[in-house]
Structure formats: structure tokens, C-alpha cells
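First comes the structure, then the notes that go with it.
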Amino acid sequence: MLGFLSIVISIGVAWFGYGTARSFVRERLRYVDGALSSGAAVVAAVGATLIAWPVVWLLPLVTTGTALAFGIAVGLGARAGAHDVKNGHTLTDGR
């Protein structure tokens, strides 16, 4: 049961990291050329993993795999946000 709960937490953290990174790049960093490069996604992934690594030691149900999943999801989200900006997709308020 605890293994299943750990997997659910990892999936939730990865989903949150992906969505947050994608919307941040798409809405806040759309005019920053450096954030739209593929190297920025790698830097975001490594940075997120390094930040999450000490946090997983403090929590009992998450493992280092959770930190890796979070980092990969943030990198993929940053890349997807950059792809959205390059293709002209942005969120609007409906006006």
C-alpha cells in the first residue's frame, strides 16, 4: 500500500512540475530568447532535480526517483512551453 501511495505522489509531483514549467515559460518567459532554447530545458531539469533532491530525504514516502521524475517533468514542461511560444500558442483571458 505504501508503494502505491509513493507512486501516486510521484505522478502528482511530476504533473505539477510539468504544468507549472510549461505555463511559466509560455506566459512569463515568452520574450526571453534564452528560455526558448533547448539548453534551457536541460538546465531547468537539472536545477529542479538538485532542488528536489534534499527535500525527498526529509519526506518518508518519496524517494530519489520522485526527484528525478520531477526534474524530468520540469525539463519537458519547459521544452513544451518554448514549443508553444514558437508556434504562437498562448493562454488568453477570453477577450
Side-chain angles (χ1 to χ4, degrees):
M1 182 66 183
L2 289 179
F4 177 71
L5 188 57
S6 177
I7 290 172
V8 169
I9 290 171
S10 296
I11 290 171
V13 166
W15 188 344
F16 172 77
Y18 177 84
T20 304
R22 184 175 184 180
S23 73
F24 187 77
V25 170
R26 181 174 33 195
E27 298 303 315
R28 302 276 177 137
L29 299 178
R30 64 179 156 225
Y31 300 117
V32 180
D33 290 334
L36 302 180
S37 67
S38 60
V42 173
V43 170
V46 171
T49 303
L50 291 177
I51 289 172
W53 203 289
V55 174
V56 299
W57 285 359
L58 300 174
L59 301 175
L61 290 178
V62 293
T63 62
T64 56
T66 305
L68 292 174
F70 177 69
I72 291 169
V74 167
L76 290 174
R79 184 68 190 131
H83 190 295
D84 289 345
V85 170
K86 289 178 183 177
N87 289 336
H89 302 292
T90 58
L91 296 176
T92 61
D93 58 358
R95 293 183 205 173

(message) To the closest 0.5 Å, what do you measure between CD1 (I9) and CG (L61)?
(response) 4.5 Å
(message) How long is the straight-line distance from CZ of R79 back to CG of D84, given to the nearest 0.5 Å?
(response) 10.5 Å
(request) Locate the shortest heavy-atom distance separating A35 from A82; write the atom from each residue and the value. (result) O-CB, 4.1 Å
(message) Using 0.5 Å steps for rounding, measure from the CD1 atom of I11 to the OG1 atom of T66.
(response) 10.0 Å
(request) Indicate, with yes or no, if V13 and L2 share a hydrophobic cluster defined by side-chain heavy-atom contacts under 4.5 Å among Ile, Leu, Val, Met, Phe, Trp and Tyr. (result) yes
(message) I'd like to know if F70 and L5 are part of one continuous hydrophobic network [Ile/Leu/Val/Met/Phe/Trp/Tyr, side-chain heavy atoms within less than 4.5 Å].
(response) yes
(request) Say whether L36 and L29 are linked into one hydrophobic cluster, either directly or through other cluster members, by side-chain heavy-atom distances under 4.5 angstrom. (result) yes
Please list, one pair per line, the donor and acceptor atoms closer than 3.5 Å that link side chains of residues 46-57 to other protein atoms, with sequence neighbours excluded.
unit_1, atom_1, unit_2, atom_2, d
T49, OG1, A45, O, 2.8

(message) To the closest 0.5 Å, what do you measure between CD (E27) and CZ (R22)?
(response) 11.0 Å
(message) Let me check something: do F24 and Y18 share a hydrophobic cluster, defined by ILVMFWY side-chain heavy atoms less than 4.5 Å apart, either directly or through other members?
(response) no
(request) Taking all non-hydrogen atoms of both residues into account, name the closest pair between A41 and A78 and its distance. (result) CA-CB, 4.2 Å
(request) Determine yes or no for a side-chain-to-main-chain donor-acceptor pair under 3.5 angstrom, with S37 supplying the side chain and G34 the backbone. (result) yes
